[in-house]
A.B. asks: 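Once you've had a glance at the structure underneath, I'll fire off some questions.
Reminder, nothing fancy here: chain letters follow the sequence lines and each chain counts from 1. Predicted model only: the values in this text are computed from it and were never measured.
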Protein chains: 2
Amino acid sequence: MTGWREFDQNLVSHSAAHHLTTIQFLLDEFGYARVSDVARHLGITRGSVSVTLKGLRQRGLVIEDEHKHLGLSDEGVRIARGIHIKRILLQTLFRDVLGIEDEVAEQDACKVEHLVSDDTADAVGRLLHKIETGKAPQQMQKMMKELEKESSGTVSDFPSEKIQKFAELLEQRQTENEGDTK
Amino acid sequence: MTGWREFDQNLVSHSAAHHLTTIQFLLDEFGYARVSDVARHLGITRGSVSVTLKGLRQRGLVIEDEHKHLGLSDEGVRIARGIHIKRILLQTLFRDVLGIEDEVAEQDACKVEHLVSDDTADAVGRLLHKIETGKAPQQMQKMMKELEKESSGTVSDFPSEKIQKFAELLEQRQTENEGDTK
DNA sequence: TCAACCTGTTTGGGTAGCCAAACTTGCTAG
DNA sequence: CTAGCAAGTTTGGCTACCCAAACAGGTTGA
């Protein structure tokens with residue numbers, strides 16, 4: 001059971017991910033981004049941002065012009081865009097397919113956006129696209145509506161009896177399959 | 001845009017989550033769990049485990065009998081079980097609904113299991129249960145099969161042109177909706 | 001002109017985790 | 001009986017983040 005520590009050995013950390021996407025956001029929104037702007041937007045001190053960005057500059061992801069205005073390198077843009085798209089896709093999945101309240105969906109997406117693999121994010125995108133283009137219309141729509149109705153408000157106790165039993169079933173089935181392929 | 005730091009302000013950290021679920025696993029599997037066993041299973045040193053478990057003992061999640069055999073308190077069991085179930089549900093979602101290769105699905109689930117909200121996990125469980133019990137049969141099945149075919153192997157470049165355009169559409173739509181409710 | 005202000009950087013302090021290495025304990029094989 | 005080994009703990013070091021506070025530079029209003 002090694003491999004669980006791949007957690008923090010990602011392309012970028014949670015912190016770095018937010019620094020990058022924030023710079024991109026500020027550029028799109030206001031046309032410029034400075035250390036203070038990033039700090040304000042992230043709710044941390046200028047000092048912290050200064051130190052973090054020094055690292056990201058050394059890694060060649062963030063650049064700075066003569067007026068201390070920040071920018072992203074091609075690689076930086078690529079990473080920031082990837083993370084941002086993952087966030088959108090996950091949030092949409094949680095909210096529109098699973099029926100989660102928007103705020104919770106956004107928070108969950110924000111927490112995991114930089115952790116999910118490209119493969120998974122891509123599959124989420126394709127699923128959403130299929131649903132969008134009506135390739136899974138009536139029954140899917142109906143199912144989603146039902147899900148939405150059920151998930152009214154907040155779950156009081158996780159896992160519920162039913163879900164727990166179901167998860168145990170899934171686990172058992174998985175164990176059996178592992179036995180097959182071995 | 002504060003709130004992005006809820007990341008590490010969860011009930012338990014990624015590390016703690018794995019310590020707890022490992023103890024539970026060892027108890028189920030072998031009937032006992034010691035510091036060394038946990039260390040071996042997690043692939044880290046006894047020293048690290050010792051220190052971490054001291055904290056978890058102080059928080060009342062882990063207990064220890066006179067023979068240095070580890071156990072979980074009621075609260076510890078509750079947390080470990082919750083995380084474990086989230087992992088199963090997410091892994092199943094990624095693998096069986098999104099068509100992700102099992103190993104990747106497991107890794108992704110492992111990375112985010114302790115981060116997703118109870119609400120989201122619960123909704124995933126209900127969705128899977130609906131699919132399971134045939135409440136979204138033909139078209140869903142067909143869609144899943146198609147997804148599986150498409151996602152042959154690993155995504156070379158994320159995001160693809162198509163997914164990126166789609167994500168932009170989703171984002172734009174979302175922005176408009178925010179305008180409505182404001 | 002120059003004090004006040006805003007911006008950015010540096011530094012010392014704190015937490016969380018990891019490792020390596022030294023130490024303590026207790027059991028067990030000669 | 002004791003030497004040796006395995007298990008657990010402690011300690012010093014490292015990285016990654018955060019903050020607060022001190023400091024350095026540029027702009028600007030009076």
A.B. asks: From D/dC18, D/dT10, C/dT9, pick the nucleotide closest to the side chain of B/Ser50?
C.D. replies: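 Closest nucleotide to the B/Ser50 side chain: D/dT10.
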A.B. asks: Rounded to whole angstroms, how far apart are NE2 on A/His114 and P on D/dA16?
C.D. replies: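 Spelled out: NE2 on A/His114 to P on D/dA16 is 15 Å.
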A.B. asks: What I want to check is whether the side chains of A/Gln91 and A/Asp102 have a donor and an acceptor closer together than 3.5 Å.
C.D. replies: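 Their side chains do contain a donor-acceptor pair, which is all the 3.5 Å distance test asks for.
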A.B. asks: Could you please name the option among D/dG8, C/dC19, D/dC18 that lies closest to any side-chain atom of B/Trp4?
C.D. replies: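 The answer is D/dC18.
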A.B. asks: For the side chain of A/Thr52, starting at C-beta, report the closest nucleotide among D/dT9, D/dC18, D/dT10.
C.D. replies: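 Minimum distance to the A/Thr52 side chain belongs to D/dC18.
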A.B. asks: A/His67 has an atom NE2; how far is it from atom P of D/dG26, in whole Å?
C.D. replies: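 One finds 13 Å between P of D/dG26 and NE2 of A/His67, rounded.
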A.B. asks: Please compare A/Val49 and B/Ser48 by the position of their nearest nucleotide in DNA chain D and report the one closer to 5'.
C.D. replies: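 Residue closer to the 5' terminus by nearest nucleotide: B/Ser48.
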A.B. asks: Looking at every strand, decide which applies to B/Ser36 at a 4.0 Å heavy-atom threshold: base, sugar-phosphate, or nothing.
C.D. replies: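 Sugar-phosphate only.
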A.B. asks: Side chain of A/Thr45: nearest nucleotide among D/dT9, C/dC18, D/dA20?
C.D. replies: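 Shortest atom-to-atom distance from the side chain points to D/dA20.
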A.B. asks: Rounded to whole angstrom units, what separation is found between the NE2 atom of B/His14 and the P atom of D/dA16?
C.D. replies: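 Between P of D/dA16 and NE2 of B/His14: 17 Å.
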A.B. asks: Report the residue (A/Val51 or B/Val51) whose heavy-atom-nearest nucleotide on DNA chain C is the more 5′ of the two.
C.D. replies: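 Closest to the 5' end, via its nearest nucleotide, is A/Val51.
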A.B. asks: Given A/Val124, which of B/Leu93, B/Leu98, B/Ile163 fulfils the side-chain contact (heavy atoms from CB on, under 4.5 Å) condition?
C.D. replies: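 Exactly one candidate clears the test, B/Leu98.
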A.B. asks: Please work out which of the three classes, parallel, tilted or perpendicular, describes the rings of B/Phe166 and A/His129, given edges at 30° and 60°.
C.D. replies: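 Ring orientation of A/His129 relative to B/Phe166: perpendicular.
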A.B. asks: Looking at C/dG8, D/dG8, C/dC18, which one has an atom nearest to any side-chain atom of B/Lys68?
C.D. replies: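 The closest nucleotide is D/dG8.
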A.B. asks: Expressed as a whole number of angstroms, how long is the span from A/His18:NE2 to D/dC18:C1'?
C.D. replies: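 It is 15 Å, rounded to the nearest whole Å.
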A.B. asks: Side chain of A/Ser15 only, please: which of C/dT9, D/dT10, D/dC17 is the nearest?
C.D. replies: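 So the nucleotide nearest the side chain must be D/dC17.
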A.B. asks: Give the rounded distance in Å between these two atoms: NZ of B/Lys54 and P of D/dT11.
C.D. replies: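 From B/Lys54 NZ to D/dT11 P: 8 Å.
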A.B. asks: Between C1' on C/dT9 and CZ on A/Arg34, what's the gap in Å once rounded to a whole number?
C.D. replies: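 It works out to 16 Å between those atoms.
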A.B. asks: What's the NE2-P distance between B/His19 and D/dG8, to the nearest Å?
C.D. replies: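 Distance check: B/His19 NE2 to D/dG8 P gives 13 Å.
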A.B. asks: Quick one: which of C/dT7, D/dA7, D/dC18 gets closest to the side chain of A/Arg46?
C.D. replies: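 Shortest atom-to-atom distance from the side chain points to C/dT7.
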A.B. asks: What integer distance in Å separates B/Leu56:CG from C/dG17:P?
C.D. replies: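 These atoms are roughly 9 Å apart.
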A.B. asks: Assess the residue pair B/Arg126 and B/Asp122 against the criterion (salt bridge (charged side-chain N to carboxylate O under 4.0 Å, His left out)); give the C-alpha distance rounded to whole Å, side-chain angles, the decisive distance to 0.1 Å, and a yes or no.
C.D. replies: CA-CA 6 Å; B/Arg126 292 199 312 274; B/Asp122 193 68; 2.4 Å; yes
A.B. asks: Do B/Glu113 and B/His84 have side-chain N/O donor and acceptor atoms under 3.5 Å apart?
C.D. replies: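 Short answer, no.
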